Amino acid sequence: MSIVVNKAGDTFHLYNDEISYIMKVLPNEQMGQLYFGKKIRPKEDYSYLVETHMRPMSSCVFDTDKNFSMEYIRQEYGVFGTSDYRMPAVEVLQENGSRISDFRYCGYRIESGKPKLSGLPATYTEDASEAETLVVELKDPVSKMSLELFYTIFAEGGIIARSARFLNEGEQDLHLTSAMSLCMDLPDSEYDWLQFSGAWARERYLKTRRLQQGIQSVGSMRGNSSHNHNPFIILKRPTADEFQGEAIGFSLIYSGNFLAQAEVDTYDAARVLMGIHPSGFDWKLESGEEFQTPEAVMVYTDRGLNHLSQTYHKLYQKRLARGYWRDRERPILINNWEATYFDFTEERLVKIAKQAKESGIELFVLDDGWFGKRTNEKAGLGDWVANPERLKNGITGLAQRIEDLGMKFGLWFEPEMVNKDSDLYREYPDWIIQTPNRRTSHGRFQYVLDFSRKEVVDRIYEMMAKILSEAKVSYIKWDMNRSITECYSATLPADRQGEVYHRYILGVYDLYERLTSRFPEVLFESCSSGGGRFDPGMLYYAPQGWTSDDSDAVERIKIQYGTSYCYPISSMGSHVSVTPNHQINRNTPLYTRANVAYFGTFGYELDLSALTEEEQEEVKEQIKFMKQYRRLFQFGTFYRLQSPFEHNISAWMVVSEDKKTAIVGWHRVLNGINLPYTRLHLQGLDEDMLYSVSEDDAAHYGDELMHLGMITTDASSGQDEANMRQDYDSRLYILKAVEGGNLS
C-alpha cells in the first residue's frame, strides 16, 4: 500500500497489490481523473492520459486554447457550467444567485490510517498500517469555499473509500445544493449496470441492463434508503460473471435520501455520482461552518462478482461493524410476533420461552405491543413504558423470568415513531415532522418524530436507556415502519428547511451512538419494516439487520441472494416462520425453511407448540446443526453458484478459512419429471484436498468438485416413485476434508 506523489507535486498514485488510482492537477488547477483499475507500476509522468482535441460546439477554458474543454475531460469532482455540461458533483448557491464554482488545487496531505467522520458512520482502521489517506485540498477563490477530497486506500483489497468536506472560509452565507460523496469519470461505457431494487417483501432483487447514452439512476426521496432501491450499484464488463472479469462496486454508507447515477455522454464516457440526493437538499453554511458528506466505498476487481462481494463482506464485517458482537456468533432466537401478534400475556410469553429453551433456543425476543396502550397499531408508539395490564412485573420482571430459564431476553422498539393516541404526542404535538397549514399524512396510523431536534432525541434516549439500565435486555430490535412525508421542522428557519432530511438521519445516528456506547454488550438488530433501511450506515451501529418482513423461504432465496452482493451473511436476519407463510400463504417444508435461514443469523418466528411432535424434534435437530456450524455460516467465505433470478434451481455455498469445511445450499422451486442429469460446480475449495460429501458414499478432491462438478441429480431425472421429491425442495451438502487426503 502506498500513495506516491510525483516530483512536480501534481500527480497522485494510490496503489496496493491489487489496484491503482491515479489523478492529476489539470492546467486550470482542477483535479483530473486518470485511472482506476488493476495495479500498474508507478512512474513519474502520466500526463499523456489527459487527452484534449478541438471539437465543434465545445466551450473552452482558456482564451488562447481551442482544445481544453472540461466537457471532455475526466474529473475528480465535476462542476457544472465551467464548460462541463454533465451533472455535477457539487453545486454552491452564492449570495448573488450564481451557482458557478471553480475549485482549484491548493495542496495535499497524507495521513496514516483513516480519519473518523464526525457524526457519520464510516469504515475504520484499528491500526494505522491498515490504510493510508490522501486529502486533496481545493478552494474556490471567489466564494472562498474550501473543499477537501478524502481518498483512503486499504492495504488489502481493491478498495478506495471517498468523501468530501466543505468549509466556508468567506464572509457571505453559502448554500450547498448538491454535495456528492464521489464523482468517478470512467473512460468508456462498456458496462452492464447492476442495481438491487424491489419493494416491501421483495427487496434487493438483482436488475441488470447495459449502460446507454443518457442518465440512469436509482435513489430514494423517502427519508430512508428504502425497500425500493439499495444504495449500492455495480458496473461490470459484459463478459464478466460471478467467477471472472472486471467489475466496480459503488456503496454509500448512509441511511437517508441518496442518489446513485451513471451518465454516459455522447462520446461514450461514463460519469458515476453517488451521495445524498440533491433534490430537496439545501445546506446553509455560514462563515466558518463546515459540511461533511457521507462516505462512499468503491471496490474494483478483475476476478468476478463473487470476489467483489467477498471484498465488501470482509470490509463491512470487520471494518464497518463494530463492538462486542462484531466477531461473535449470533444467538439463535425466537420472536413472538407471528406467534401472538398483539394478543399476549406475560404467562403466554413465558410459556413460549420455556418451550423454546427446551428446543435449544438461546434468546427470546418480545416484539411489538408491550408498552403504553399498545393493543393495536393505532396507539402507544412513543410511550416506552411497559403496560402493567399485560406485563404485571414490567420489562424488568419479564426479563428476569426469561433469564431464570437460562435464556437471554430481547425487546422491540420503534423509537423514531409516535401515534397521536399516546401520552408523548399529547404532551408534544409539535414534535412530529409536519408542514404548517398542510395535511399531515400517516403511515399505519403513525407519525415520524422530528429527530433533527436534539430535545426529541434526548427524550427518546432517556426512555430507552431507563429500560436498558433497569432490565436484563441483551438484544434490541430497532424498527422503523414508515417513510417521511411533509418534511418540515418547526424549529428550523426557512432557509434551513432543506437540511431536515439529513439532520433527521444524523439524529438517528446520534441515538444509536449513545445507546451502543452506554450498553456495548447489547446486540442491536436494525429493522425498517423489514428491509427498508438495510444499508451500510446501519451496519456501523447494528451488526445485523432484519433482511425482509417476507420470511417465506422461497422468496427469501432471491432476497438473500441479492443482498449478498454487498452485505455479509452475518448481517442478514433470517428466521424459520410458520406455514402457510403469513406474507404469501405458501406452504414450504420445514427443512427448506431452515436450509435458507441457516445462511444468515438464524432464528424462529412461530409458535413451537403448534408444531407436531415430529416437527418439534426436527426443530431441535436444526438448532443443534446451526450451533455446530454457525461460525462457518456467519463468518466463512460466501460464494453464489447459481442465480434464482435466472434458474428454477439456485445454489450458494460457504467455505471455512482453512478450506477444510464447506456447506452448499441447493434450492429448487418447482419439481419436475424426467429432467436432465445435473452437476454443480463448487468454488473456493483446496484443489489438492480430499473431501467427504454428505449424501455421497465416495470422497472427491477439490479440483474434481470445482471443475468437473458435484452430482446433484435426484429422482426428478426420471420417474422414481419410491424417492419422489416435491416443490420447494432444498438440500444441504456438507463437505469435510478427509484426514490425510491432501495430495501435496
Side-chain angles (χ1 to χ4, degrees), residues 323-325 331 333-337 340 342 344-350 352-353 362-375 377 379-405 407-419 421-428 431 446 449 451 454-481 507-527 541-542 544 546:
Y324 179 84
W325 285 101
L333 66 81
I334 187 165
N335 186 299
N336 75 295
W337 181 242
T340 69
F342 290 114
F344 63 82
T345 63
E346 183 172 317
E347 295 307 317
R348 186 179 180 190
L349 296 175
V350 172
I352 292 172
E362 300 158 315
L363 169 65
F364 174 82
V365 179
L366 173 56
D367 210 281
D368 194 358
W370 57 268
F371 51 90
K373 301 298 182 183
R374 186 73 165 177
T375 57
E377 63 183 6
L381 282 175
D383 297 338
W384 301 109
V385 180
N387 181 348
E389 296 178 8
R390 291 189 159 192
L391 303 176
K392 59 185 177 182
N393 299 305
I395 292 299
T396 302
L398 175 62
Q400 187 60 58
R401 292 184 71 180
I402 301 300
E403 285 270 338
D404 290 343
L405 294 175
M407 302 179 72
K408 296 299 183 182
F409 176 74
L411 194 58
W412 180 95
F413 283 92
E414 192 171 2
E416 300 162 60
M417 302 297 157
V418 67
N419 292 121
D421 185 3
S422 68
D423 292 340
L424 184 71
Y425 179 82
R426 283 184 282 270
E427 186 176 359
Y428 300 106
W431 275 16
Q446 60 191 53
L449 288 169
F451 267 39
K454 185 178 184 301
E455 67 271 23
V456 178
V457 177
D458 288 346
R459 177 64 177 272
I460 299 301
Y461 169 76
E462 290 164 5
M463 287 190 281
M464 294 180 70
K466 185 175 189 298
I467 291 172
L468 295 180
S469 61
E470 294 176 353
K472 293 182 178 179
V473 178
S474 300
Y475 163 100
I476 293 296
K477 181 179 179 180
W478 183 314
D479 215 339
M480 193 282 288
N481 281 305
V508 174
Y509 291 155
D510 176 52
L511 182 58
Y512 258 116
E513 186 67 37
R514 284 197 253 176
L515 289 170
T516 55
S517 297
R518 182 170 172 183
F519 306 100
E521 293 188 12
V522 173
L523 173 57
F524 283 77
E525 178 173 288
S526 62
C527 176
Y541 306 98
Q544 63 190 54
W546 185 225

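Because only heavy atoms are used, hydrogens play no part in the values below, and waters and symmetry mates are left out as well, while side chains stay in. Being a predicted model, the structure only gives us computed values, none of them experimental. All residue numbers refer to positions in the sequence shown, counting from 1.
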(message) Once rounded to the nearest 0.5 Å, what's the spacing between atom CD1 of I402 and atom CG of L363?
(response) 9.5 Å
(request) Begin from the C-alpha positions of F342 and T375 and carry the test side-chain contact (heavy atoms from CB on, under 4.5 Å) through to its verdict. (result) CA-CA 6 Å; F342 290 114; T375 57; 5.7 Å; no
(message) Tell me whether S517 contacts the main-chain N or O of E513 through its side chain, where contact means a donor paired with an acceptor under 3.5 Å.
(response) yes
(request) For the residue pair V385 and I467, establish whether any side-chain heavy-atom pair is separated by less than 4.5 Å. (result) no
(message) Could you walk me through whether R348 and N336 satisfy the side chain to side chain donor-acceptor pair (under 3.5 Å) test, starting with their C-alpha distance in whole Å, then the side-chain angles of each, then the deciding distance to 0.1 Å, before giving a yes or no?
(response) CA-CA 10 Å; R348 186 179 180 190; N336 75 295; over 6 Å; no
(message) For a 4.5 angstrom cut-off between non-hydrogen side-chain atoms, does E462 reach K466?
(response) no
(request) Taking the side chain as every heavy atom from C-beta outward, state whether E346 and K392 have any pair of such atoms under 4.5 Å apart. (result) yes
(request) Without swapping roles, check the side chain of D479 against the backbone of F413 for a donor-acceptor pair under 3.5 Å. (result) no
(message) Rounded to the nearest 0.5 Å, what separates atom CG in L398 from atom CD in E403?
(response) 11.0 Å
(request) Considering only NZ, NE, NH1 and NH2 on the basic side and carboxylate oxygens on the acidic side, decide whether K408 and E521 come within less than 4.0 Å. (result) no
(message) Within the supplied structure, the quantity of interest is the number of heavy atoms (other residues, nucleotides, ligands) at a distance under 6.0 Å from E389 CD; does it exceed 12?
(response) no
(request) For residues Q544 and W325, determine if any side-chain heavy atom of one lies less than 4.5 Å from a side-chain heavy atom of the other. (result) no
(message) Would you say that L411 contacts F409 through its side chain, given a criterion of any heavy-atom pair below 4.5 Å between the two side chains?
(response) yes
(request) Classify the angle between the aromatic ring planes of Y512 and W478 as parallel (below 30°), tilted (30 to 60°) or perpendicular (above 60°). (result) parallel
(request) Please work out whether the ring planes of W384 and F371 are parallel, tilted or perpendicular, with thresholds of 30° and 60°. (result) tilted
(message) So N387 and W370, do their side chains get closer than 4.5 Å, heavy atoms only?
(response) no
(message) Between E347 and R390, does any side-chain N to carboxylate O distance fall below 4.0 Å?
(response) no
(message) Quick one, Y541 with Y509, criterion ring pair (Phe, Tyr, Trp, His ring centres under 6.0 Å). Give me CA distance, side-chain angles, the key distance, then yes/no.
(response) CA-CA 8 Å; Y541 306 98; Y509 291 155; 5.3 Å; yes
(request) Could you tell me whether the side chain of N419 and the main chain of E377 form a donor-acceptor pair under 3.5 Å? (result) yes
(request) State whether the side chain of D367 and the backbone N or O of W412 hold a donor-acceptor pair below 3.5 Å, judged by distance alone. (result) no
(request) Test side chain to side chain donor-acceptor pair (under 3.5 Å) on N481 and E414 and set out the steps. (result) CA-CA 8 Å; N481 281 305; E414 192 171 2; 3.1 Å; yes
(request) State, with a plain yes or no, whether a side-chain heavy atom of F519 is found less than 4.5 Å away from one of S469. (result) yes
(request) Mind checking the CG-CE spacing from L381 to M417? Nearest 0.5 Å is all I need. (result) 8.5 Å
(request) Answer whether the closest heavy-atom distance between the side chains of E427 and R459 falls below 4.5 Å. (result) yes
(request) Decide, yes or no, whether a salt bridge links R401 with D404 under the criterion of side-chain N to carboxylate O below 4.0 Å. (result) no
(message) Regarding D383 and K373, does a basic nitrogen lie under 4.0 Å from an acidic carboxylate oxygen?
(response) no
